[in-house]
Each structure stands twice: as C-alpha cells, then as structure tokens.
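Before any comments, here is the structure.
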Protein chains: 2
Amino acid sequence: MELISHTLVMGRLNSSTAFYGSKVPQAMKVATFNANSMRVRLPIILDWIGREAPDILFLQETKVQDKDFPVNAVEEAGYHAVFRGQKSYNGVAILSKSPLDDVKTQLSVEGVDEARFVSGRIGDIHVINAYVPQGFEAGSDKFRFKLAWLEHLLGYITANYDPSSQLLVAGDFNVALTDMDLYDPDGFRGEVGFHPDEQAMIEGFFNWGLVDIFRKHIREGNQYTFWDYRIPSGFKRNMGWRIDYILGTASQAERSRSVWIDREARAMEKPSDHTFLVVEFD
Amino acid sequence: MELISHTLVMGRLNSSTAFYGSKVPQAMKVATFNANSMRVRLPIILDWIGREAPDILFLQETKVQDKDFPVNAVEEAGYHAVFRGQKSYNGVAILSKSPLDDVKTQLSVEGVDEARFVSGRIGDIHVINAYVPQGFEAGSDKFRFKLAWLEHLLGYITANYDPSSQLLVAGDFNVALTDMDLYDPDGFRGEVGFHPDEQAMIEGFFNWGLVDIFRKHIREGNQYTFWDYRIPSGFKRNMGWRIDYILGTASQAERSRSVWIDREARAMEKPSDHTFLVVEFD
DNA sequence: GTGAGCTCAG
DNA sequence: CTGAGCTCAC
C-alpha cells in the first residue's frame, strides 16, 4: 500500500485513486530495528525490506554520519530515508515507501544534542523514532540522563501531539517492563534496563495514551528483541530482553492486526544484537 | 609430485617407487606470496593451492602469532606448515606437500629477533624463506637495519650452505634491482627499495652463486609482484615493483623450466598488495 | 589503502 | 562479543 501523503492530499493525486481526500487509514506494515551500524547491517536491511516490504522501518544505532549514510542503496530499494547520525555512537533513521513530511531530527536534552530522535508524518500518521540512552549503571550520571531524556521525550509528545491523534512511537527504549520481558528478572531487578525509575517513565507514556502494541497482542514471556553479544550463545539460549517497542495511540493500537518478532534475521550474516519487531495494521 | 623426503629415504618408501634412494631431482612447483595477513588471505591461499598445487609455498607478512596460525585449514588442504609469527607485524611460513626437515625459524640481527626467517629441507632441496625489512627511508635507522639484515642473511647462507648445493632462497626482499623492476625508476632512484646500497647487498647474493630465476627466464620489464595500495588504481595502471624473488643456486636455476606471476590472484576478493610468483622445475 | 590492535561503548 | 575510530606500519 501507499499511505495518503500530505503532498497527495494537497492535490497531486490523479482522480482515479480511491482514497483521494479520505481520512480512512489503509493497511500498513511498520517495523523497528536497532541496526548497530547501518553500514555493517546494510545487506541485512536491504534483504529485509526486499522480502518484507514494510511501509515504514525505524532504525536505531546507525552509527554513521549523515555524509556517509547509504542513501543510494536505500533509494534503489524503493525507499525514502530521513536520518540523523553522528560519529561512532547513536544515530537514527526512518525508511519509508512514501516520503516523510514535517521531519524533525532534534531533541536536545540538558544541552546534550545526541542523534537519538527523528519524527515526521506520512499523511495523517505521525511517527517518532527514538533511541533512548542505555544508561550505563543505575544511579550513574548516564542513568540520570536516560531518565531525563525519557521525561523530555514524553514532555515533547504531550506538548505536540494529542492522544486522539494517529501517532506511532517506535524505537529502542533500553527498558524492560516486567518479569516477562527479560531472561533473568531477579538477576537484573533494580539494575539499568530493569529499574523501577525507568519503568515508571515508560508508564508515563502509557498513561498519556500510548499502547505497547506487542503486549496488546502477545501475552507470553520469553519474547525478546535484544540479546547481549557478550553472553555466550545468548541468542540460542534465548537469554534476551524485550526493550524495543512500537507504541501507538488508541486509534493505532485499535487497528493493529498482528505483531511479530523476526528471529530469522538473527540467522543472517553478521546479525545485530537486536532484531526486527513488526506490526501490521488494517 | 612428491619430493623424496628425508623420511622416505630413511626407509618408509615402498619398493615400487622409481626414485628410491636416488638423488635425481623431480619436477616441482614453488611459489612465494607476501600474504599481508594470513588470516585475511586464507581463502585466497586455500583457493590458490587447491588450483595450482604447488609443492612449496613461501609466505611473508603472515601477521599472525603462532597460536593463531590456521594450521587445520592448511592441513585439510593437504599441506604441512612451518611458521613463525608475531603480533601485528612480519611473520613467515612455509607450506609444503612433503614435510619440512631441519626447520630453523630464527635469524637474530643486532639482537633484534623479528619473525622474518624460516628455513628447512625437503629431501636434498634446502629452502630459505625471507621477509626482508622494508627500511622506511634511505639513511634512517630502519634502513641501516635492512642492510644489516641482508648482510646477516648472506653471511648466514655463506656460512651454512655451499653454492654447489640445491638451495632456494625465496621471499619479499623489498628491493627492486634495475630500471625494469619498478614503474618509476627515476622517481624512486636512491629512495628506499631502489637504493644502490640495497642493490649492492642483493648483488652479494648473486656473487655467492644465487640466481634470480625470474630474470633468467624473462627479460621484459613491467613485470611486478607488488603494487602499493596507496596508489589509486595502481594495479590496473600496473604501477608496481618487482621485489619478491625466488633465488636458486646454479643447479636449481639450471633445472628451472618456467616462471610466471599470477596476476589473477589480484582479481580475487580482498587481494594482497603482493601477488604470487611461481617457478616450475623439471 | 589496508591490516592489526588498542580504547571506548554497548 | 561487536563496531567505530584511532595509531602504527607498510
């Protein structure tokens, strides 16, 4: 499908198109993936979008400066790309079949302007891609920055969007929410990534009106999107964390039909430590 | 073919073999290759020995410590390996169909014991593999060390071998001898790699009785074994140097039938900056 | 330009 | 364990 984009509504659409001027949403597929290097994972990403044809793919940890972002390869695959990167760390991108409007790539927190945020709009669908700071260690400065960044993001959302709007917030939140969401809850309770202060921040997103679309559909545990490279055979032993999310306002949660985690992408050459989380909408 | 090895002469050969106890040399193929990393070039090397089936392959710049040398892969390809490596730099190895006897891996010069030398014997054929220091810059300490190392190698040869013996000395000498042997002789005259002092040292090897087997067979220029990575399209433009050699005593030069440089190996994935130099013997 | 190995971060 | 980017050497 193609989303009805702003430019189309503005009049460039020819009269034979069914949904001209309509606000009726169309089926779409959305995915998020912490690539852990756009350049290293480019073959996996091109293969994946070739096979799965998502309408929108949110990418985190692209670890590539804008001048080196592989725009051509992405465009040859039939996608538009918006991105903001920096040297070595962080970096986010949104690939989409239809171009993104109203693009924003900055969310400065405490004067720190890391490449962790991209937002935009495709037709009536508003999208935010977030790469939440990892936080290093509970109680550390980096941990406090993580909480501040989450608070700032939520503040930005409440100030700029309405719970009744069509909004998706996807990305790597670096927080597991419940005992179902990581392989050793007792071992990590109170540690970074599984700390009550982080979880309370995420609850704030829910309280505002965002829904964890994966959890709406799937109630089982042991469903992870991240496996630490440092744990020997961690993927095979499924010692992972569910820390990547696709959140949606009520309207989006409502029209979400199915959700799945692509464990196959981990069988490819040079897998990332994360994998693809996918939501399909009616 | 299989060379008549020491162990065979010692009695393990069955009586149907033609050359039992004989000193008559058999046809063999010998090659030298500066791998510039044994680990990175392993696919190229395995492919090459699989296709070309050399009896002996001399390798330089293996850049791998002995504990990490890919012995298994080499043995699975049907070769014995002797090697001496160090971290990051230098490193030499000899792969051979028949095992090498009387292996020596040390040639300490001025107290510096870098991994630049392996010698051994297969039957009556004595072999030396040398990775001569690059020399940095004419007149530098490293340049003087290069000359000292060459002098020491020649002294070692004259002290331990006889010009009438069957001796091969192969490797990367990091010296071009004449204007035919590099792409810009006037540009590099007197520079490291094309300096009269280095050339005089190599002449010493010839004066003792070693023959540059390539040059015995091929009189043309523009025949190179090394192309500096840093020169844009240097290989395509054939801006190279002939600095790798297979030298032999008179008896070996005599029975050398043909010599060639394998430019095809440079078309493979991740080519080295050097390529294979090959001599076939009757 | 390329490889090794180091530091930093995850 | 993995990636980036740095230094070093060639």
Side-chain angles (χ1 to χ4, degrees), chain A residues 34-42 44 60-65 68 85-91 114-116 131-137 140-143 145-146 172 174 191-193 226-237 239-241 243-244 266 269-274, chain B residues 34-42 44 60-65 68 85-91 114-116 131-137 140-143 145-146 172-175 191-193 226-237 239-241 243-244 266 269-274:
Chain A
N34 178 314
N36 191 7
S37 170
M38 186 68 193
R39 285 168 292 185
V40 172
R41 241 55 75 183
L42 187 59
I44 287 181
Q60 303 85 37
E61 282 206 87
T62 54
K63 290 184 176 177
V64 63
Q65 297 177 81
D68 297 320
Q86 64 186 75
K87 201 191 278 192
S88 290
Y89 307 117
N90 313 318
E114 296 180 335
R116 299 182 172 278
Y131 173 51
V132 177
Q134 187 268 348
F136 182 51
E137 197 174 81
S140 68
D141 282 355
K142 287 178 177 173
F143 186 77
F145 178 70
K146 179 182 193 172
D172 176 0
N174 270 313
E191 305 286 339
V192 65
F226 163 75
W227 298 265
D228 194 317
Y229 281 135
R230 288 164 290 186
I231 294 175
S233 307
F235 178 70
K236 213 177 72 181
R237 299 155 69 203
M239 298 169 80
W241 301 59
I243 56 179
D244 299 281
R266 284 276 326 197
E269 277 298 295
K270 286 198 156 267
S272 173
D273 45 0
H274 294 248
Chain B
N34 179 316
N36 191 8
S37 170
M38 186 69 193
R39 285 168 292 186
V40 172
R41 242 55 76 183
L42 187 59
I44 287 181
Q60 303 86 36
E61 283 206 87
T62 54
K63 290 183 176 178
V64 63
Q65 296 178 80
D68 298 320
Q86 64 186 73
K87 200 189 280 192
S88 290
Y89 306 117
N90 313 317
E114 296 179 334
R116 298 181 173 278
Y131 174 51
V132 177
Q134 187 268 346
F136 181 51
E137 198 173 82
S140 67
D141 282 354
K142 286 177 178 173
F143 187 77
F145 179 69
K146 179 183 193 174
D172 176 359
F173 285 74
N174 270 313
V175 179
E191 305 286 339
V192 64
F226 163 75
W227 299 265
D228 195 318
Y229 281 135
R230 289 164 291 185
I231 294 176
S233 306
F235 177 70
K236 212 177 72 183
R237 299 156 69 203
M239 299 169 79
W241 299 60
I243 57 180
D244 299 279
R266 283 278 322 199
E269 278 297 297
K270 286 197 154 267
S272 174
D273 45 0
H274 294 247

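Note: B:Trp227 CH2 to B:Ser272 OG = 9.5 Å, rounded to the nearest 0.5 Å. Interatomic distance, B:Arg116 CZ to B:Glu61 CD, rounded to the nearest 0.5 Å: 8.0 Å.
Protein atom CD of A:Gln134 is 18 Å distant from nucleotide atom P of D:dG3, rounded to whole Å. Atom CG of B:Asp68 is separated from atom C1' of C:dG3 by 15 Å (rounded to the nearest Å). One interatomic measurement links the two molecules: CG of A:Asp228 to P of D:dC1, which rounds to 11 Å at whole-angstrom precision. For the pair A:Phe143 CZ and C:dA9 P, the interatomic distance rounds to 19 Å; values are reported in whole Å. Rounding to whole angstrom units, NZ of residue B:Lys146 and C1' of D:dC10 are separated by 11 Å. Distance NZ (A:Lys236) to P (D:dC1): 14 Å, rounded to an integer number of Å. Atom-to-atom, CE of A:Met38 to P of D:dA4 comes out at 12 Å; the value is rounded to the nearest Å. Rounded to an integer number of Å, the gap from OH of B:Tyr89 to P of D:dC10 is 7 Å.
Put simply, B:Ser37 has a side-chain N or O that comes within less than 4.0 Å of OP1 or OP2 on C:dA4. Close to C:dA9, at under 4.0 Å from its OP1 or OP2, lies no side-chain N or O of A:Arg230. Phosphate contact (OP1/OP2 of C:dG5, side-chain N/O of B:Arg39, threshold under 4.0 Å): present. An OP1 or OP2 oxygen of C:dG10 is reached within less than 4.0 angstrom by a side-chain nitrogen or oxygen of A:Lys142. The side chain of A:Arg41 contributes an N or O atom lying less than 4.0 Å from OP1 or OP2 of D:dG3. Taking 4.0 angstrom as the limit, B:Ser272 places none of its side-chain polar atoms (N or O) nearer than this to OP1 or OP2 of C:dT2. B:Lys87 has a side-chain polar atom (N or O) that falls below the 4.0 Å cut-off from OP1 or OP2 of C:dC6. Considering only side-chain N and O atoms, A:Lys270 lies under 4.0 angstrom from the phosphate OP1 or OP2 of D:dG3.
Place A:Thr62 and A:Ile231 on DNA chain D by their nearest nucleotides, and A:Ile231 ends up nearer the 5' end.
B:Lys142 contributes no side-chain N or O that, together with a main-chain N or O of B:Phe136, makes up a donor-acceptor pair within less than 3.5 Å. Formation of a donor-acceptor pair under 3.5 Å by the B:Arg266 side chain with backbone atoms of B:Pro271 is not found in this model.
Between A:Phe226 and A:His274, the two ring planes are tilted [angle within 30° to 60°].
Listed candidates were D:dA4, C:dG3, C:dG10. Nearest to the side chain of B:Asn36 is C:dG3.
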